[in-house]
Amino acid sequence: MFKKEERTILTRRSKGEKIVFGIVFALFTIYALSLLLPFVFLAFNSLKGGEEYVDGVGAGRSFFPPAHAIWSNYFNAFKALKITDFNGKQIGFLQMLFNSIWYTVLYVGAGVIASSITAYIVAKYRFRGRRFIDGIAIFSMTIPIIGTTASALKMYNLLGIYNTPLLPIMIGFAGFGFNFLVLRGFFSNLPWSYAESVFVDGGGHMTVFLKIMMPQAVPCLVTLFIMAFIGTWNDYQTLLLYMPSFPTLSSGLYLVERSLTRHVYDYPIYFAALMISVVPIIVLFGLFSDVIMSNFTVGGLKG
């Protein structure tokens, strides 16, 4: 239902504007429905038996619901799906899930913390090299990732963090990237009068940062954390290249899919595992969708 103000705006549109609005609305509706098709495909085929899935693919019925839902596919995903890691050790689905959790939390948490520190310093303090740091932050985002893969692999080996849990912490603490740009703009718009009030009361710079600036940046930090969490949870290339002994759901299921060409009947279990892997992201986005979509607001000072 439209609000009163929205209905008033709609009624004031000209005939041509209403036609254009209707066409755009229809196109975006079709686009939104198209995004749901992969989930419909996964949901239906994750509940089928091996033979029903193979017969459905051959008959063009992949998007048809199962004749009889086999919920045991989801339980079998935890028991049947295994891969062999870099050291020849068997890694099960639960271990991949655990790896996804700690890797994503470490990497994203380190990135948000480091970006908030560097962004605050660059935004609020004047010192030599400040503009140079800004330029480096922007320039580093223009370099293609694939062009730095070989040098990054060599550097991680020299530092002794290749294929270790220290890797996500070290690369997360870079402090630049998209998070840095957003937070720098956010901190730049915060009045310095907040800090001056703390200095008058005898507080220091650390007090200003931790007790004044950071609490106001919580909505921004939460949004950046969730956006980075989704991207890192789905990242498989970094794990395959730099942490082969710690397969996550994304990298592990990628390796599982490569072996399914010889076992076509196991695809329903594989689809069930994919459905399980997207549940945390859907729940996270559903809980914080209002925070992500809302605009950031900053309170003012009372004179």
Side-chain angles (χ1 to χ4, degrees), residues 104-156 158-161 166-232 235 238 242 291-303:
T104 305
V105 171
L106 286 180
Y107 180 80
V108 176
V112 172
I113 293 173
S115 297
S116 63
I117 296 172
T118 54
Y120 174 74
I121 293 174
V122 173
K124 288 303 184 183
Y125 294 93
R126 301 295 181 265
F127 55 91
R128 291 183 179 181
R130 175 171 169 270
R131 294 187 179 276
F132 177 75
I133 295 176
D134 266 346
I136 291 296
I138 296 174
F139 177 73
S140 62
M141 297 180 65
T142 64
I143 302 176
I145 297 177
I146 196 64
T148 62
T149 302
S151 59
L153 184 62
K154 181 68 173 179
M155 181 181 67
Y156 297 154
L158 292 176
L159 293 175
I161 61 175
L166 288 176
L167 181 67
I169 300 177
M170 296 296 292
I171 61 178
F173 262 110
F176 290 127
F178 176 76
N179 291 351
F180 169 81
L181 296 179
V182 174
L183 288 169
R184 187 197 60 175
F186 181 86
F187 286 125
S188 296
N189 292 325
L190 289 180
W192 189 244
S193 301
Y194 290 117
E196 294 174 348
S197 300
V198 176
F199 296 150
V200 170
D201 293 335
H205 292 279
M206 188 62 69
T207 302
V208 173
F209 176 66
L210 295 178
K211 295 187 177 181
I212 303 298
M213 299 299 180
M214 287 297 286
Q216 295 186 78
V218 167
C220 181
L221 293 174
V222 170
T223 300
L224 292 176
F225 183 89
I226 295 172
M227 294 174 62
F229 190 97
I230 295 173
T232 305
D235 178 31
T238 302
Y242 306 128
V291 177
I292 297 176
M293 298 303 177
S294 62
N295 296 323
F296 298 139
T297 58
V298 180
L301 290 174
K302 294 183 179 180

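Here, residue 1 is the first one in the sequence, and each next residue gets the next number.
Pairing each heavy atom of A123 with each of S188, the nearest pair is CB-OG, 3.4 Å. Shown here for G204 and V198, the closest heavy-atom pair between the two residues is O-CG1, 4.3 Å. Contact detail for P215 and P219: the closest heavy-atom pair is O-CD, 4.5 Å. Across all non-hydrogen atoms, the minimal contact from S116 to F187 is O-CE1, 3.6 Å.
Around CZ of R128, the count of heavy atoms belonging to other residues, nucleotides or ligands within 6.0 Å does not exceed 12. Shown here is F132, whose CZ atom has no more than 12 heavy atoms of other residues, nucleotides or ligands within 6.0 Å. Within a 6.0 Å sphere centred on CZ of F139, other residues, nucleotides and ligands contribute 12 heavy atoms or fewer.
Using a 4.5 Å cut-off on side-chain heavy atoms (C-beta onward), T104 and D235 make no contact. By the 4.5 Å heavy-atom criterion applied to side chains, Y120 and L183 are not counted as neighbours. Here the side chains of F209 and I117 are in contact, with some heavy-atom distance below 4.5 Å. When side chains are defined from C-beta on, V105 counts as touching F229, because their heavy atoms get closer than 4.5 Å. Here the side chains of F225 and L221 are not in contact, with every heavy-atom distance at 4.5 Å or above. A heavy-atom distance below 4.5 Å is not found between the side chains of I161 and Y242. Side-chain contact between D134 and F180 is present, with heavy atoms from C-beta onward closer than 4.5 Å.
Taken from OH in Y107 to OG1 in T232, the straight-line distance is 5.5 Å, to the nearest 0.5 Å. Atom CG of residue L158 and atom CG of residue L153 lie 9.5 Å apart, to the nearest 0.5 angstrom. Separation of atoms CD (Q216) and CZ (F186) is listed at 6.5 Å; rounding is to 0.5 Å. Residue R184 holds its CZ atom at 10.5 Å from OG1 of T118, rounded to the nearest 0.5 Å.
Take M155 and apply the side-chain contact (heavy atoms from CB on, under 4.5 Å) test, not counting sequence neighbours, and it matches L159.
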